[in-house]
Number of protein chains: 2
Amino acid sequence: MTNVFDDPRITAVGLLFEAHAGLSARFNAQLEEHGLSAVEFEVITRLARSPGNQLRMTDLAAQTSLSTSGVTRVVDRMERDGLLTRRACPNDRRSSYAVVTAAGMQRLNETLPGHLQMIEQWFTGQLGPEALAALLDGLRRVRDAAHPCATAGSDDVSPEQVAATDNATRRH
Amino acid sequence: MTNVFDDPRITAVGLLFEAHAGLSARFNAQLEEHGLSAVEFEVITRLARSPGNQLRMTDLAAQTSLSTSGVTRVVDRMERDGLLTRRACPNDRRSSYAVVTAAGMQRLNETLPGHLQMIEQWFTGQLGPEALAALLDGLRRVRDAAHPCATAGSDDVSPEQVAATDNATRRH
DNA sequence: GCCCAACGACTGCCTGAGCAACTATAACCG
DNA sequence: CGGTTATAGTTGCTCAGGCAGTCGTTGGGC
């Protein structure tokens with residue numbers, strides 16, 4: 001009996017998911033050395049790249065893989081650890097900003113070079129320039145098709161964000 | 001100030017992670033229609049493709065993204081739902097098999113065609129044959145480099161498994 | 001200006017999963 | 001054979017995160 005599971009489609013997703021899992025594991029290990037989880041790293045990165053190193057809680061949720069309640073709790077932890085602070089929004093008293101502290105920026109600066117090195121070591125450096133370009137091109141097309149921007153409610157993310165980086169919005 | 005975060009390496013992982021997140025969301029939605037979570041689908045698939053539609057708990061853990069305690073609990077749930085059964089191992093009284101029931105096989109057969117369709121719709125069908133081949137080739141190389149088989153403790157997975165399918169072993 | 005709908009953040013409750021501890025069995029070794 | 005060590009599975013504890021409900025705030029319709 002020829003197995004249904006040898007279907008090339010299954011193999012294809014298998015490759016993508018395994019590559020993701022493998023890289024995640026590598027990255028997690030490196031981040032953990034600096035006392036950060038993947039989610040925390042994503043949060044602090046998003047904030048650090050935003051004007052004023054701050055973002056409203058909702059916007060932060062929209063840019064990450066977290067729900068708003070998830071953001072509340074991550075920011076709780078990171079505020080407890082001194083990496084972030086909450087700041088009241090002057091215009092809208094419902095909103096509050098999450099702001100990266102000096103300690104947070106320092107932690108990020110300690111972490112980033114190693115992280116980039118990991119990316120190069122395990123991902124981009126594994127391929128020649130043209131093979132990498134082909135891979136990224138394929139990924140971009142799959143991402144554009146499958147990435148659930150509409151589902152995620154992050155309707156108002158600025159286009160340059162979507163184009164330039166990873167807006168890993170996913171809700172269940 | 002040119003932003004450190006525009007580094008092409010960041011963009012590259014962003015693409016991979018977003019593609020994964022997008023596909024995961026799509027797949028989860030379809031699986032949910034059939035009352036399965038992604039983990040349950042993975043478990044039942046692994047079992048169904050194994051001889052006798054069964055696998056020892058430990059082996060199942062080694063083939064999935066779960067720890068052994070995680071497997072215990074998933075199998076608990078799926079046994080409660082009638083999709084699986086535990087069967088004592090005759091040779092080794094410590095071990096037990098997880099076996100797919102008839103209901104479990106039926107559920108899987110209901111789910112699989114739609115799942116393959118989703119893969120085609122959101123992933124493989126998005127690219128021409130040569131672009132897909134290039135993508136898969138790149139993914140394979142990244143997977144081979146980064147996939148933490150050694151880290152995961154699944155030292156004894158049979159080679160054909162690793163070659164043919166997704167062994168998404170990841171431990172923290 | 002007033003009311004009601006929408007919104008932003010937070011909290012209670014629940015589920016899923018990992019780690020470490022534990023039990024029972026197996027295997028090894030003297 | 002008896003004791004020590006390793007292995008298979010389960011369970012207690014903990015934590016992260018989602019959903020739904022709550023509260024305060026805002027803004028739009030009249």
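Below, chain A is the first sequence line, B the second, and so on; all start at residue 1. Computed from a predicted model, the values in this text were never measured in an experiment.
Between S95(B) and dA8(D) there is no side-chain N or O to OP1 or OP2 distance below 4.0 Å.
Going from atom CZ of R80(B) over to atom P of dT10(D) covers 15 Å, rounded to whole Å. Between R86(B) atom CZ and dA8(D) atom P there is a gap of 16 Å when expressed in whole angstrom units. Here the P atom of nucleotide dT26(D) and the CZ atom of R93(A) are 5 Å apart, to the nearest Å. Protein atom CG of L66(A) is 8 Å distant from nucleotide atom C1' of dG17(D), rounded to whole Å. When the C1' atom of dA8(D) is taken as reference, atom CG of L55(B) falls 14 Å away, rounded to whole Å.
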Can you give each donor-acceptor pair under 3.5 Å made by side-chain atoms of residues 99-108 of chain A, sequence neighbours left out, with the distance rounded to 0.1 Å?
unit_1  : atom_1 : unit_2  : atom_2 : d
T101(A) : OG1    : G82(A)  : O      : 2.7
T101(A) : OG1    : L83(A)  : O      : 3.0
T101(A) : OG1    : A103(A) : N      : 3.4
T101(A) : OG1    : G104(A) : N      : 3.0
Q106(A) : NE2    : E110(A) : OE2    : 3.2
R107(A) : NH1    : H34(A)  : O      : 3.0

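For A134(A), the side-chain contact (heavy atoms from CB on, under 4.5 Å) partners two or more places apart in sequence, or in a different chain, are A134(B). Scanning for side chain to side chain donor-acceptor pair (under 3.5 Å) contacts around R141(A) gives D137(A), with sequence neighbours left out. In this structure E33(B) satisfies the salt bridge (charged side-chain N to carboxylate O under 4.0 Å, His left out) test with no other residue, sequence neighbours excluded.
Within 4.0 Å of S96(B), counting heavy atoms only, lie sugar-phosphate atoms of the nucleic acid but no base atom. Residue-level contact check: V74(A) touches the backbone only, with heavy atoms under 4.0 Å from sugar-phosphate atoms and none from bases.
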Collect all protein-nucleotide pairs involving nucleotides 4-7 of chain C in which both atoms are nitrogen or oxygen and the distance is under 3.5 Å.
unit_1 : atom_1 : unit_2 : atom_2 : d
dC7(C) : O2     : R94(A) : NH1    : 2.8

All N/O pairs under 3.5 Å across the protein-nucleotides 12-15 of chain D interface:
unit_1  : atom_1 : unit_2 : atom_2 : d
dG12(D) : O6     : R73(B) : NH2    : 2.2

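Identified under the side chain to side chain donor-acceptor pair (under 3.5 Å) test for residues 76-89 of chain B, with sequence neighbours left out: D76(B)-R86(B), E79(B)-R86(B). Judged as a side chain to side chain donor-acceptor pair (under 3.5 Å), the pairs with a partner in residues 118-131 of chain A (not counting sequence neighbours) are, in order, E120(A)-R9(B). Under the ring pair (Phe, Tyr, Trp, His ring centres under 6.0 Å) criterion, the residue pairs touching residues 85-118 of chain A are F27(A)-H115(A), F41(A)-H115(A), with sequence neighbours excluded.
Within the 4.5 Å cutoff, the side chain of L139(A) has heavy atoms near those of the L16(A) side chain.
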